[in-house]
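Down below is the structure, laid out as structure tokens.
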Amino acid sequence: MSDALRQPRIAIVGAGMSGICLGALLLDAGIASFTIFEKAEDAGGTWCENTYPGIACDVPSRFYQYSFARNPDWTRVMAPGAEINAYLTKVAGDTGVDTHIRYDAEVASIDWGDGCWSVTLADGEQAEFDFVVSATGILHRPRYPDIAGLDTFASPSFHSARWDHDVPLDGRRIGLIGTGSTGAQIVCDLAGRAGELTVFQRTPHWVMQIGNPEFSRFTKRLHRRFPQLDALTYHGWRLFIESFSPALLRPGIARRFASWQIRRQLRQVEDPVLRAQLTPDFEPMCRRLIISIGYYDAVQRDDVHVVATAIERVEPDGVRTTDGVLHPCDVLVLATGFDAHAYLRPIAMTGPDGTTLEEAWAAGPRAYRSIALPGFPNFFMFMGPNSPVGNYSLIAIAEAQAGHMLEWIGRWRRGELDTVAPTAAATDAFYGEVAAAMPDTVWATGCTSWYVGASGQVELYPWAPKHFRASLAEIRDSDFVITGSNSG
Ligand code: NAP
């Protein structure tokens, strides 16, 4: 049977969670003609790159894992980053995906040539592919703050995603700029280790402080013995997390209840001055909610100081705030986030009619149902614009996106088409629906965050995860320009 099938040449850019996901599903479908280009020396993407102290996934591991490769041995409800990275690497090895990964292979450009894509690496090497899939992740380009004097700091300073593990931390005076999900995890780890931890907060975030229990040996043994338990807990956590969708997506009692639950967390902070400093002026969940094992406990310690006064400049000895106070630091950590709107860039891409990705996205990043671009045939994206990211399992999202890609790749294999790209009209129609639904969401209630693009539009999916899965499971041929002898 397979003799009659064409073997597509597929380039996947990135060997993180999404790239490994697609690789595993391709192999499962009998397609081994793919190469994963990874710019780093190892697989794992964000979980390989981010090694800051306290890193963990704030989505429960029993749901933050592949549905086709469940791990009975998670050590905690929310696993540490290194454990997730080991899991991803293990899946890549167990499935055989690792043999398709080329490390130290940075893709520089992707250009449509003679009926296929030409992928050029940074060292000049070129190869041709029938499909290209971007699996570069959404948060991979560190955002360095535009703070005067940053380069004058005389002691070690680094971004959270470029942690320098040679720098000793215990007993030192550590300055931390940024209080998002990353900053909060770092605070929880460094509080008590650092001699003094000074947290520079520009905007307070809403925090849900919860426990992170270890799984007992008995629980792990049970999961190994009865794999059905893995399926049960996977879907249990999925349903639990999805039960918050109504609060996110429309005003009403669910949002008011969730908002009340989150607001009351602040009561743990006893000092009214500190509590006021930590109180955001926007709706809970408008920005990504911080799920933390102990942020409010940590910032109430005597050796942890929250500085809510704006930073004026960085000086050789520390950080000076606009009230004139110099906060001396031995180490300065920048937990200042990522450029969440880069997507696959800085990779340059040019489609068949000479349009570049930069030109196509001149008014802001857009993608048909988050995964494909008009004018760029046989090209798909993981975690593209308007993917349902947020406090949800990106692995579950990647699986839904991979399923859609596999449908098109399967049709190509059977000779039903040569190229496929969404129409501009279908993409416009999708954005019409997005624009109509977005104002009801909590993300549009008035706050700045990485969810919001340069044009002021929220780049999330304004419907529930179930809607996303159904939308990608349904292939509407009329939404696509399809070429090829048998495409009709
Ligand atoms: P972030 O949420 O974008 O937070 C960046 C922080 O840096 C904010 O507090 C921001 O202040 C501050 N900042 C930026 N520029 C600044 C400047 N010039 N001066 C002072 N402060 C400045 O970034 P992140 O914490 O790295 O998190 C990004 C995303 O990564 C999260 O939302 C989440 O999706 C993902 N993440 C997930 C997990 C997980 O457990 N699943 C863990 C970590 C991260 P403003 O708020 O005022 O802008």
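Indexing begins at 1, ligand by ligand and atom by atom, following the structure's order. Basis for what follows: all heavy atoms, side chains included, without hydrogens, waters or symmetry-related copies. Count residues from 1 along the sequence.
For ligand 1 and T203, the ligand atoms under 4.0 Å from any heavy atom of the residue are 45 (P), 46 (O), 47 (O). Against a heavy-atom cut-off of under 4.0 Å, R287 is close to the following atoms of ligand 1: 45 (P), 46 (O), 48 (O). Short contacts between ligand 1 and Q185, defined as distances under 4.0 Å to a heavy atom of the residue, involve ligand atoms 40 (O), 42 (C). Interface atoms of ligand 1 facing G337, defined by a heavy-atom separation under 4.0 Å, are 3 (O), 5 (C), 23 (O), 26 (O). Within the listing of ligand 1, atoms 6 (C), 8 (C), 9 (O) sit less than 4.0 angstrom from a heavy atom of T179. Each of the following atoms of ligand 1 lies closer than 4.0 Å to a heavy atom of G178: 6 (C), 7 (O), 9 (O), 12 (C). Using a 4.0 Å cut-off to heavy atoms of R143, the atoms of ligand 1 that qualify are 3 (O).
Considering backbone and side-chain N/O of W47, none are found under 3.5 Å from N/O of ligand 1. Looking at P145 next to ligand 1, no N or O pair under 3.5 Å apart turns up. Annotation: A56 places an N or O atom under 3.5 Å from an N or O atom of ligand 1; distance criterion only. The N/O atoms of D58, backbone and side chain alike, include one that comes under 3.5 Å of an N/O atom in ligand 1.
Distances from ligand 1 to the non-hydrogen atoms of M78 include no value under 4.0 Å. At least one heavy atom of L139 sits under 4.0 Å from some atom of ligand 1. Heavy atoms of Q201 come nearer than 4.0 angstrom to ligand 1 in no pair at all. Between Y144 and ligand 1 there is no heavy-atom distance shorter than 4.0 Å.
Checking side-chain atoms of N386 against main-chain N and O of Y461 turns up no donor-acceptor pair under 3.5 Å. Side chain of W443 to backbone of V452: no donor-acceptor contact under 3.5 angstrom is found. Although no hydrogens or angles enter the test, the distance criterion places no donor-acceptor pair under 3.5 Å between the side chain of E459 and the main chain of H341. In this structure, the side chain of S393 engages the main chain of I395 through a donor-acceptor pair within 3.5 Å.
For W74 and Y87, the ring centers sit closer than 6.0 Å to each other. Between H205 and Y295, the ring centre distance reaches or exceeds 6.0 Å.
Classified by interplanar angle (parallel below 30°, tilted 30° to 60°, perpendicular above 60°), the ring pair F430/W463 is tilted. By the 30° and 60° cut-offs, the orientation of the rings of W163 relative to Y52 is tilted.
For atom 11 (O) of ligand 1, the nearest non-hydrogen atom of the protein is R202 NE, 3.7 Å. Here the heavy atom of the protein found nearest to atom 26 (O) of ligand 1 is T182 OG1, 2.7 Å. The nearest heavy-atom contact from the protein to atom 4 (O) of ligand 1 is G180 CA, 3.7 Å. Atom 6 (C) of ligand 1 has its closest protein heavy atom at A335 O, 3.3 Å. Shortest contact from atom 36 (N) of ligand 1 to any protein heavy atom: S181 CB, 4.0 Å.
If you check the side chains of E83 and S61, you find no donor sitting under 3.5 Å from an acceptor. Side-chain polar atoms of S181 and R288 form a donor-acceptor pair below 3.5 angstrom.
Using a 4.0 Å cut-off between heavy atoms, A340 makes no contact with ligand 1 at all. Looking at I177 against ligand 1, only its side chain comes within 4.0 Å, counting heavy atoms. By the criterion of a heavy-atom distance under 4.0 Å, the side chain of F338, and not its backbone, is placed next to ligand 1. With a 4.0 Å cut-off on non-hydrogen atoms, A184 does not touch ligand 1 at all.
When Y451, W450, Y52 are checked for heavy-atom proximity to atom 43 (C) of ligand 1, Y52 turns out nearest.
Each of R238, H223, H235, M78 was checked for a side-chain contact (heavy atoms from CB on, under 4.5 Å) with R62, and the lone residue meeting it is H223.
Summarising the geometry, atom CH2 belonging to W260 is positioned 11.5 Å from atom CD1 belonging to I262; distances are rounded to the nearest 0.5 Å.
Dense packing is recorded around CG of D323, with more than 12 heavy atoms of other residues, nucleotides or ligands lying under 6.0 Å away.
A salt bridge is defined here as a Lys NZ or Arg NE, NH1 or NH2 lying under 4.0 Å from an Asp or Glu carboxylate O, and R143 with D339 fails to meet this definition. Looking at R172 and E196, no side-chain N of the basic residue comes within less than 4.0 Å of a carboxylate O on the acidic one, giving no salt bridge.
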